[in-house]
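Atom set for the values below is all heavy atoms of this structure, side chains included, hydrogens, waters and symmetry mates excluded.
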Amino acid sequence: MFTKNKRISLLNYWTSRYLLTLFVGLAIISLIFAFWIRHTALETRLEMMEFLADEYVYRLTDTSRQIGWAGGPTNPDFIGDRERFNMSDIDPILYILDTEGNIITSNRLIPPGSSKNIGDVLDGQEGVKKFTAGEGKGATVQYVVRKKIEQNERVVGWVLVLEKKNNLTKVNQAYGQLAILIVGMALLGWLAIYFLTRRLARPIKKVAVAARQVQEGNYKIDLPIHIKEEEVYELVASFKEMATKLEQLEKTRTELLAGVTHELKTPVTSISGLLQAVKDGIITGKDADEFIKMALIETTKMKTMVGDLLAFNTFAVDAIPVKLVKADINRLVKDAVTQWEVMQEEDTVQVDAILLDKPIYVHVDIVRFQQILTNLLTNAIQAMQEGVIMIRLQETDSAVKVTVQDTGVGIPKEDQAFIFERFYRGENKKYTVRGLGLGLPLSKMMAQSVDGDLRLIESSDNGTTFEITLMKVR
């Protein structure tokens, strides 16, 4: 019993359907060619019969043979020479008739009563005529070629060349050749389809095997890369890239669990130790106040990390409404930089802003923009001990671009493709700066939430440049 949704291999599926299509096409071509061969054979043989009739007329009227027509010619010796006028595949009957339609001679024995039947096909016209001889099941379709015999510009008789239609259309040899050709084409087509489909199916099957490996958690896949077919190459290349990213995300997830545990455990441990020392009376007086202050600082750090997690998850599901307002980008940047500088305990880093010559208004959520710029400035100061952070504004036809450029150590090249991945932390920050790796992903999501964007322009040993895009008010 056949299963409706039974799975079959790509090779079997396409080979069988291509083969069916090929056979149907060849069958149609075979029928057309068979009909054409049959028709061509009929036309060709009728032309040969006309030529034969003309040849007999010429010989009968050739004055050098001195054939008289007093009541009809004597039996010429060439009439019975069937070998001389033999035609391939057919052997027509030749009749010479007088003007009354009586048979004078023939290249065959004349059965009794044939004279009347043969005379019936004469109607005074030359050319080819199709008629049916006999009645009922014994009836046969025949063709006759009629040519006048003329002497001294008067008709003295007729030459008839007659053959059955079945003999005229018999092309067994041509049919055999056609069958060999069709079978050869079918075999060649099947082989071509088989090998081409197998070539196509092989890399796809390897991708399927690799997908099962990835499903089982094995990201070390081996797929061919030297593929000529563009679509298959793109499939393989995209899958390999996806596997690489999944491996990186899996690694990031593992590191995240360890990182979150470590990052949250550290302030909790500090808070617990500080408060326990105060509670047990180990620390008293002003030192106790200092310990409580340190505990509050650690609490603030922990609160910030938990807030980052909550904010990111909320943005990820579009749960935070965005409040778009019309704001002057120059004023917006000034205010954000001022607020960030107030919060800095050290002044080893200077922030310079090159603003636009005139007020330009953009659609923006002011709070979200300040969060984005604050995060970029904080990342910049972490990458440099001292120096200048340059902020530049540039106007385009439809947007304003805000670039933030530092002179820090830069982002390693191998980390640049993943900086906007959630929870990803580069090697240079993983063990030096505490955090969850959500700053840049969250900032990008906030920029996109106001129809803008945040992207990395460049990063090297000389520093890093980020660009914020905001849409202008029309």
(Q) For Ser443 and Asn375, which I'm curious about, is there any donor-acceptor pair between the side chains at under 3.5 Å? (A)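 There is such a pair between these side chains.
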
Could you list the residues that satisfy salt bridge (Lys or Arg N to Asp or Glu O under 4.0 Å) with [X], not counting sequence neighbours?
{"X": "Arg392", "answer": "none"}
{"X": "Glu163", "answer": "none"}
{"X": "Asp451", "answer": "none"}
{"X": "Glu47", "answer": "none"}

So, [X] side chain and [Y] main chain: donor-acceptor pair closer than 3.5 Å or not?
{"X": "Arg368", "Y": "Met446", "answer": "no"}
{"X": "Asp406", "Y": "Thr464", "answer": "yes"}
{"X": "Ser459", "Y": "Ile411", "answer": "yes"}
{"X": "Lys472", "Y": "Thr396", "answer": "yes"}

Applying side chain to side chain contact (heavy atoms under 4.5 Å, CB included), can you list everything that pairs with [X], at least two apart in sequence or on another chain?
{"X": "Glu43", "result": "His39"}
{"X": "Thr465", "result": "Thr403, Gln405, Ile457, Glu458"}
{"X": "Ser30", "result": "Ile182"}
{"X": "Ala53", "result": "Val145, Lys147, Val159, Val161"}

Using a 3.5 Å cut-off and no angle test, enumerate the donor-acceptor pairs between side-chain atoms of residues 324-334 and protein atoms at least two apart in sequence or in another chain.
from	atom 1	to	atom 2	distance (Å)
Asp328	OD1	Asn330	N	3.1
Asp328	OD1	Ile360	N	3.4
Asn330	OD1	Leu356	N	3.1
Asn330	ND2	Leu356	O	3.4
Asn330	ND2	Lys358	O	3.3

Q.
Could you walk me through whether Phe33 and Leu181 satisfy the side chain to side chain contact (heavy atoms under 4.5 Å, CB included) test, starting with their C-alpha distance in whole Å, then the side-chain angles of each, then the deciding distance to 0.1 Å, before giving a yes or no?
A. CA-CA 11 Å; Phe33 267 87; Leu181 177 63; over 6 Å; no

Q: Would you mind reporting whether Ile389 and Val404 have side-chain heavy atoms less than 4.5 Å apart?
A: yes

Q: May I ask you to test the Leu470-Val450 pair for a side-chain heavy-atom distance under 4.5 Å?
A: yes

Q) Between Ile391 and Ile354, is a side chain to side chain contact (heavy atoms under 4.5 Å, CB included) present by the stated rule, with each step listed? A) CA-CA 6 Å; Ile391 300 178; Ile354 300 177; over 6 Å; no

Sequence neighbours left out, what passes side chain to side chain donor-acceptor pair (under 3.5 Å) with [X]? Give chain and number order.
{"X": "Gln213", "result": "none"}
{"X": "Ser238", "result": "none"}
{"X": "Lys401", "result": "none"}

Q | Distance (rounded to the nearest 0.5 Å) between Phe35 CZ and Thr40 OG1 | A | 9.0 Å

(Q) Nearest 0.5 Å, please: how far is CG in Asp453 from CE in Met471? (A)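 The CE atom of Met471 sits 11.0 Å away from the CG atom of Asp453.
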
(Q) Set out, in order, the CA-CA distance, both residues' side-chain angles and the distance that settles side chain to side chain contact (heavy atoms under 4.5 Å, CB included) for Val141 and Phe131, then state yes or no. (A) CA-CA 6 Å; Val141 178; Phe131 68 97; over 6 Å; no

